[in-house]
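Data block below; observations after.
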Amino acid sequence: MTLRFYDTASAEVRNFVPLVEGKVSLYYCGATVQGMPHVGHIRSAIAFDQLTRWLQYRGLRVTVVRNVTDIDDKILAKSEASFAPDFSPEEGEVAREEWWALAYRYEREFLKAYDTLGVSRPTYEPRATGHIPEMHALIQQLIDRGHAYPALDDSGDVYFDVRSWDRYGALTRQNINDMQAAPDADPRGKKDPRDFALWKGSKEGEPATASWASPWGAGRPGWHLECSAMVTKYLGTAFDIHGGGLDLRFPHHENEMAQSQAAGHPFANFWMHNGMVTYQGEKMSKSIGNTISPAEMLELAPPRVVRYYLGQAHYRSVLDYRPTSLQEAAAAVERIDGFLAKAASRFGGDAGIAHGNHGQSAGIDAFCEAMDDDLNVPRALAALHETVRAGNTALAEGDDVAARDAMHAVALMTDVLGLNAVAGSAAVSTREAEALEVLVEAQLSARAAARAEKDWTASDAIRDTLNQAGVVVEDGPDGATWSLKRD
């Protein structure tokens with residue numbers, strides 16, 4: 001087994017060796033809870049959930065930290081707007097809502113979306129507002145090492161001095177002279193317009209609840225500082241993987257890496273970034289009306305289908321949404337579930353991976369090879385669907401050994417991809433499957449007797465009743481077979 005992942009910092013696929021044998025420390029950027037989750041948020045969470053599940057399958061103990069940014073300029077701005085006399089709320093917004101209530105409400109919406117789509121809960125999910133002392137300590141370290149300074153205009157801001165760190169721009173391979181000014185604070189207090197805020201002094205009109213005392217004056221943390229403080233608090237100054245969406249590479253992750261390494265921390269061994277989601281080849285934009293939200297997807301398709309769609313592309317590639325995307329994903333899920341249902345009915349039990357020797361399946365070998373190779377989910381899904389085809393052939397030919405092996409292999413692969421973790425998608429228990437099989441087989445026997453007597457009315461009535469109950473009957477040369485309809 002050789003795990004290989006693409007590292008953004010080195011721009012190459014490298015062998016992955018945990019810093020601590022048998023353990024993996026993973027941090028990925030969670031939500032800035034200033035609005036409803038969008039499709040990019042959920043795609044990122046599914047990508048890193050797939051990574052976590054694969055590392056666990058490979059026998060590694062994974063500690064996952066996913067932050068919540070619950071204090072931010074956009075959160076404060078949206079809260080302030082809700083108090084305006086002419087406030088016109090969009091869907092889900094609340095009039096006269098304090099910033100902390102707004103943040104917590106949207107945090108719950110993110111959690112609901114994650115749970116609905118089978119994203120595993122992280123080991124820990126820290127909030128930025130709970131780690132102010134750690135942020136103060138990191139700022140002081142940077143000041144002491146000559147990489148940060150209080151604002152020159154007595155505003156109470158503290159800035160990272162990008163010119164003091166000769167590796168600034170290394171993550172995204174940019175020349176500092178080509179970079180635009182950091183837009184996070186008034187540039188008049190900066191030595192260089194590109195210097196970014198570590199601490200933001202309180203401004204007139206801002207709520208007192210959004211301010212904490214500090215050695216540099218009352219204020220609140222800068223966005224980039226929050227993640228550096230939280231990840232080192234829980235995973236240490238050196239950890240295995242830092243992840244997030246491609247849009248976070250600059251400035252967020254660039255600034256995280258600079259301030260952390262300038263403080264003397266080795267920081268992340270690997271940087272992994274998932275690609276964006278487009279709409280028919282174009283960037284999604286509310287202004288031109290080509291967006292689709294996770295909630296809208298869930299109105300069009302069951303959660304399992306939505307998860308399949310959002311997780312089917314290579315994590316580093318662009319995932320393009322088209323009007324037929326969910327239909328195509330539904331057809332793929334239907335093929336998988338149709339085979340598992342037929343196999344379960346044949347063998348009188350569920351398709352749980354605890355039964356049988358799934359390691360004998362060639363599909364498992366191909367699946368593992370693909371996942372080890374920079375989490376290549378498209379190749380892994382090809383192995384999954386090839387195993388489904390082989391399993392259906394084995395069922396048709398009466399090769400129970402091959403069919404059972406395929407059943408367990410498919411169940412294992414769908415479990416690793418998180419498709420069995422989606423709400424409402426749990427496999428039917430053994431007792432339930434056996435009871436269902438007895439009842440359906442009794443109906444099929446009665447139908448066979450009716451057909452033998454050429455009583456087509458009774459035969460059709462039995463078939464229609466089973467169909468209404470969600471049981472699909474297929475007639476073949478060896479008699480009738482049945483399977484369960486899938487959502």
Side-chain angles (χ1 to χ4, degrees), residues 8-9 27-34 44 65-76 126-143 145 147-151 155-165 167-172 174 176 179-187 189-201 210 212 214 216 219-235 237 239 242-268 271 273:
T8 303
Y27 179 93
Y28 72 94
C29 287
T32 297
V33 285
Q34 50 100 7
S44 184
V65 176
R66 179 183 69 209
N67 74 297
V68 175
T69 298
D70 61 341
I71 181 71
D72 175 83
D73 290 347
K74 293 178 181 178
I75 294 172
L76 296 181
R127 296 188 182 99
T129 53
H131 298 80
I132 303 299
E134 289 82 4
M135 297 175 197
H136 289 169
L138 180 54
I139 293 172
Q140 191 60 56
Q141 278 183 285
L142 290 167
I143 291 174
R145 294 170 72 98
H147 297 297
Y149 60 94
S155 62
D157 296 346
V158 181
Y159 298 113
F160 182 84
D161 185 350
V162 296
R163 295 273 180 192
S164 74
W165 185 244
R167 297 201 294 275
Y168 188 67
L171 181 66
T172 51
Q174 296 185 79
I176 191 171
M179 296 180 187
Q180 295 180 340
D184 56 358
D186 194 321
K190 299 180 179 183
K191 294 180 179 179
D192 187 297
R194 301 163 188 83
D195 293 347
F196 58 87
L198 301 172
W199 188 256
K200 297 184 176 185
W212 290 263
S214 87
W216 313 281
R220 54 191 169 85
W223 175 35
H224 316 300
L225 181 83
E226 295 172 348
C227 282
S228 288
M230 285 186 282
V231 66
T232 54
K233 166 85 171 178
Y234 298 105
L235 298 183
T237 58
F239 56 98
H242 192 313
L246 195 64
D247 57 323
L248 297 179
R249 284 186 309 166
F250 189 87
H252 186 46
H253 289 167
E254 186 74 70
N255 292 352
E256 265 194 80
M257 187 173 84
Q259 68 197 6
S260 299
Q261 292 182 349
H265 304 161
F267 214 55
W271 288 86
H273 292 93

Quiz prompt | Minimum side-chain heavy-atom gap K191-R163 below 4.5 Å | solution = no

Quiz item: Which word best sums up how the rings of H224 and H252 line up, parallel for under 30°, tilted for 30 to 60°, or perpendicular for over 60°?
Solution: tilted

Exercise. Could you tell me whether a side-chain N or O of R249 sits under 3.5 Å from a main-chain N or O of T172, the two making a donor and an acceptor?
Key: no

Quiz prompt | Q141 versus A263, closest heavy-atom pair with distance | solution = NE2-O, 3.8 Å

Exercise. Measure from the side-chain N and O atoms of N67 to the backbone N and O of P126, and report whether any donor-acceptor pair falls under 3.5 Å.
Key: no

Quiz item: When rounded to the nearest 0.5 angstrom, what is the spacing between SG in C227 and NE2 in H242?
Solution: 5.5 Å

Quiz item: Okay, side chain of K190, backbone of A181: is any donor-acceptor separation there less than 3.5 Å?
Solution: no

Practice problem: Please tell me if the side chains of W216 and Q140 come closer than 4.5 Å, counting only heavy atoms from C-beta onward. | Solution: yes

Quiz item: Roughly how far, to the nearest 0.5 Å, is the CG atom of L138 from the NE2 atom of H265?
Solution: 6.5 Å

Quiz item: Under the side-chain contact (heavy atoms from CB on, under 4.5 Å) criterion, do D157 and K200 qualify, and how do the steps go?
Solution: CA-CA 4 Å; D157 296 346; K200 297 184 176 185; 4.2 Å; yes

Self-check item: Side-chain heavy-atom pair Q259, I139 within 4.5 angstrom cut-off
Solution: no

Practice problem: Test R220 against D73 for salt bridge (charged side-chain N to carboxylate O under 4.0 Å, His left out), laying out the working first. | Solution: CA-CA 10 Å; R220 54 191 169 85; D73 290 347; 2.8 Å; yes

Practice problem: Say whether, by atom type as modelled, one donor and one acceptor occur between the side chain of S155 and the main chain of G201 under 3.5 angstrom. | Solution: no

Exercise. Quick one: pull up CG in L198 and CG in N255 and give me the separation to the nearest 0.5 Å.
Key: 9.0 Å

Quiz item: Going through the checks in order, is the side-chain contact (heavy atoms from CB on, under 4.5 Å) test met by L76 and I71?
Solution: CA-CA 8 Å; L76 296 181; I71 181 71; 4.1 Å; yes

Practice problem: Report the C-alpha separation of T8 and L171 in whole Å, then their side-chain angles, then the decisive distance to 0.1 Å, and conclude whether the side-chain contact (heavy atoms from CB on, under 4.5 Å) test is met. | Solution: CA-CA 7 Å; T8 303; L171 181 66; 4.2 Å; yes

Exercise. Would you confirm whether S260, through its side chain, and M257, through its main-chain N or O, come within 3.5 Å as a donor-acceptor pair?
Key: no

Quiz item: Does V162 offer a backbone N or O that forms a donor-acceptor pair with the side chain of R194 under 3.5 Å?
Solution: no

Quiz item: Any salt bridge between K74 and D72, counting N to O under 4.0 Å?
Solution: no

Quiz item: Distance from C29 atom SG to M230 atom CE, nearest 0.5 Å?
Solution: 8.5 Å

Quiz item: What's the shortest heavy-atom distance between G30 and R66, and which atoms?
Solution: CA-CG, 3.7 Å

Quiz item: Distance from L248 atom CG to W223 atom CH2, nearest 0.5 Å?
Solution: 5.5 Å

Quiz item: Ring centroid separation for Y149 and F160, is it under 6.0 angstrom?
Solution: no

Quiz item: Do Y234 and H131 meet the criterion of a side-chain donor-acceptor pair at a distance under 3.5 Å?
Solution: yes

Exercise. Of all the heavy-atom pairs spanning Y159 and A197, show the shortest one and how long it is.
Key: CD2-CA, 3.7 Å

Quiz item: What about H253 and F267, are their ring centers closer than 6.0 Å?
Solution: no

Quiz item: Minimum heavy-atom separation for D195 to D184, with atom names?
Solution: O-OD1, 4.3 Å

Practice problem: Could you pull out the closest heavy-atom pair between S164 and H147, with the gap in Å? | Solution: OG-ND1, 2.8 Å

Practice problem: Enter the distance from I132:CD1 to W199:CH2 here, rounded to the nearest 0.5 Å. | Solution: 5.0 Å

Quiz item: For the residue pair A9 and W271, what are the closest heavy atoms and their distance?
Solution: CB-CD1, 3.9 Å

Practice problem: Spell out, as yes or no, whether a donor-acceptor pair under 3.5 Å connects the side chain of E254 to the backbone of A170. | Solution: yes

